[in-house]
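Here's the structure we're looking at; comments come further down.
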Protein chains: 2
Amino acid sequence: METLRERKKQRTREALLRTALELFTTEGYERTTVDDIAEAVDVSQRTFFRYFAGKEEAALALMEVTVAHFLQSVRERPPHEAPMEALRQAVVEGWDTLNDVIEAIAPVELYLRMCRMVESTPALLAAHLRRSVEVEEEMAAILAEREGVDMDTDPRPRLAVAVFGGVMRLTERQWSVGEDFSLDAMRALTVSYLEQVGPALSESWRTH
Amino acid sequence: METLRERKKQRTREALLRTALELFTTEGYERTTVDDIAEAVDVSQRTFFRYFAGKEEAALALMEVTVAHFLQSVRERPPHEAPMEALRQAVVEGWDTLNDVIEAIAPVELYLRMCRMVESTPALLAAHLRRSVEVEEEMAAILAEREGVDMDTDPRPRLAVAVFGGVMRLTERQWSVGEDFSLDAMRALTVSYLEQVGPALSESWRTH
DNA sequence: TTGTCAATTGTCAGTGGCTGTCATTAGCCT
DNA sequence: AGGCTAATGACAGCCACTGACAATTGACAA
């Protein structure tokens, strides 16, 4: 961001995003129109769509940051860890630093509110799930390289990630319908669920 | 479907669905407008939306049938089976009968084509994934009742289903990008992946 | 059979997300 | 200063979807 032009662009994008998130959280996602956002920032509607591919992209922008953060955490895991353990450590440890990462962009409370909104807004949930497919593909690639296997012939990277991702998405959802909306609660729920995956897959749940 | 009125409604719905699927598969999902469908059936656009909540619902109608079929298969599993084994058997066995179930509505080939279209069309994939969240919730409820546990306090039903669902969605996706577009190939891939989940979650993938 | 009631449909007008196009503006660089 | 290019605004248009109201059509009883 050297030139004036680039700084201006940056500021416009930030203004659009900040305004969008504020309107979403105060008025609701569906009740907020793109025109509302553009007008509040005093740009044309067309300009909004030059910065964001759609209304959803603005709403999911914060999630995107955490996704990138998580992927980076996975990449930085020491190579001696087993695949699933690396994933587990990446989330658990990634969460310790997530607070700062988000706070650099927006208040954490805003992020948490958006998370809940994503889970309760059909259009956003759909977009979020579709995005996670891509993320899982990337995660599988990271695992495959880590372990030195070929994703095209060995299904294990994708399988491991599919299982892990399934648990993660369940965590998000259950967190959003719970009553403790803190980052710590989410972290605790993640750890708890990952611990219980084994038992849940075991032979029988009944105590005989 | 006793009265004339009900029969007429049924016929209209079938005509809309049949026409929609035909246009989707020949022209493509996005290049087909709701107006095209309505016009081909000679009803107003408004009528289409009285039968389908949206364009997506028509496109996913066949999937919905297989989902219902699969859920029924799970319900009919003998209670002595362990949870995951019941799910596994339900898919494997459900597939033997799926052919007839679908053929009663539309050619299987059409169904398979739509499956691939769902995976390759962002809007449809998103809608499909969002729907799977609901399906998984229902499946968890079935498992919980089977095993006599309380979903609100015991996370195992949802966990088991999340893991299983993750593998299922991976199967769908990998099948759609493969080269064998048959029902048998899908069945085989399912069995194969379910077999390999264990190894994929195991300590290490490296041969030392 | 006819008249009444309710369900189904068509029409119309409108909203909102999103895109293409083109002229205008505004920063950049020599 | 002046030409070049990137960013924006303005406008027109497409398409999915909805609400409201009037017209039609089948159901059912008198």
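Every value quoted in this text rests on a predicted model; they were computed, and no experiment measured them. In what follows, chains carry the letters A, B, and so on, assigned in the order in which the sequence lines appear, proteins first and then strands, with residues in each chain numbered from 1. Quick note: numbers below take in every heavy atom, side chains included, and nothing from hydrogens, waters or symmetry partners.
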Point to revise | Pair B/Arg77 + B/Glu93: basic N to acidic O under 4.0 Å | key: yes
Check your understanding: So, are A/Glu2 and A/Arg7 salt-bridged, with charged N and O less than 4.0 Å apart?
Key -> no
Practice item. Give a yes/no on whether any side-chain N or O of B/Lys55 is located under 4.0 angstrom from OP1 or OP2 of D/dC15. Key: no
Answer yes if the side chains of [X] and [Y] hold a donor-acceptor pair under 3.5 Å, and no otherwise.
{"X": "B/Asp184", "Y": "B/Ser182", "answer": "no"}
{"X": "B/Gln10", "Y": "B/Glu6", "answer": "no"}
{"X": "A/Gln196", "Y": "A/Ser192", "answer": "yes"}
{"X": "A/Thr33", "Y": "A/Asp36", "answer": "yes"}
{"X": "A/Glu119", "Y": "A/His128", "answer": "no"}

Touch class at under 4.0 angstrom, heavy-atom based, for [X] against every strand present:
{"X": "B/Tyr51", "answer": "sugar-phosphate"}
{"X": "A/Ser44", "answer": "base"}
{"X": "A/Thr47", "answer": "sugar-phosphate"}

Choose from [options] the nucleotide whose nearest atom is closest to any side-chain atom of [X].
{"X": "A/Val43", "options": "C/dT19, D/dC17, D/dG9", "value": "D/dG9"}
{"X": "A/Arg5", "options": "C/dG17, D/dT5, D/dG26", "value": "D/dT5"}
{"X": "B/Lys9", "options": "C/dT8, C/dT21, C/dG17", "value": "C/dT8"}

Exercise for review: Using the salt bridge (Lys or Arg N to Asp or Glu O under 4.0 Å) rule, take B/Glu14 and B/Arg11 through it: C-alpha gap first, then chi angles, then the decisive distance, then the call.
Suggested key: CA-CA 5 Å; B/Glu14 277 166 15; B/Arg11 260 185 285 132; over 6 Å; no
Point to revise | Pairwise side-chain contact, B/Lys9 with B/Tyr51, heavy-atom cut-off 4.5 Å (strictly under) | key: yes
How long is the line joining [atom1] of [X] and [atom2] of [N], in whole Å?
{"X": "A/Glu30", "N": "C/dG17", "atom1": "CD", "atom2": "C1'", "result": "13 Å"}
{"X": "A/Glu2", "N": "C/dC29", "atom1": "CD", "atom2": "C1'", "result": "15 Å"}
{"X": "A/Asp35", "N": "D/dG9", "atom1": "CG", "atom2": "P", "result": "13 Å"}
{"X": "A/Glu27", "N": "C/dG16", "atom1": "CD", "atom2": "C1'", "result": "17 Å"}
{"X": "A/Phe48", "N": "C/dG16", "atom1": "CZ", "atom2": "P", "result": "15 Å"}
{"X": "B/Phe49", "N": "C/dG10", "atom1": "CZ", "atom2": "P", "result": "14 Å"}
{"X": "A/Gln10", "N": "D/dA6", "atom1": "CD", "atom2": "P", "result": "18 Å"}
{"X": "A/Phe24", "N": "C/dG16", "atom1": "CZ", "atom2": "P", "result": "14 Å"}

Exercise for review: Ignoring hydrogens and angles, answer whether the base of C/dG16 and the side-chain atoms of A/Arg31 contain a donor-acceptor pair closer than 3.5 Å.
Suggested key: no
**Study point:** Residue whose nearest DNA chain C nucleotide is more 5′ - A/Val34 or A/Arg46
**Key:** A/Val34
Check your understanding: Which comes earlier along DNA chain D counting from the 5' end, the contact point of B/Phe52 or that of A/Thr12, where each point is its nearest nucleotide?
Key -> A/Thr12
Study note, to complete from the structure: In short, the helix from C/dT1-D/dA30 to C/dT30-D/dA1 is bent end to end, axes from five pairs each side, to 10°, by 0°
Kindly give the atom pairs (protein nitrogen or oxygen, nucleotide nitrogen or oxygen) under 3.5 Å for nucleotides 21-24 of chain D.
none

Exercise for review: Please report the C-alpha distance between B/Arg173 and A/Glu137 in whole Å, then the side-chain angles of each, then the deciding distance to 0.1 Å, and finally whether the salt bridge (Lys or Arg N to Asp or Glu O under 4.0 Å) criterion is met.
Suggested key: CA-CA 11 Å; B/Arg173 197 159 139 280; A/Glu137 183 72 7; 2.9 Å; yes
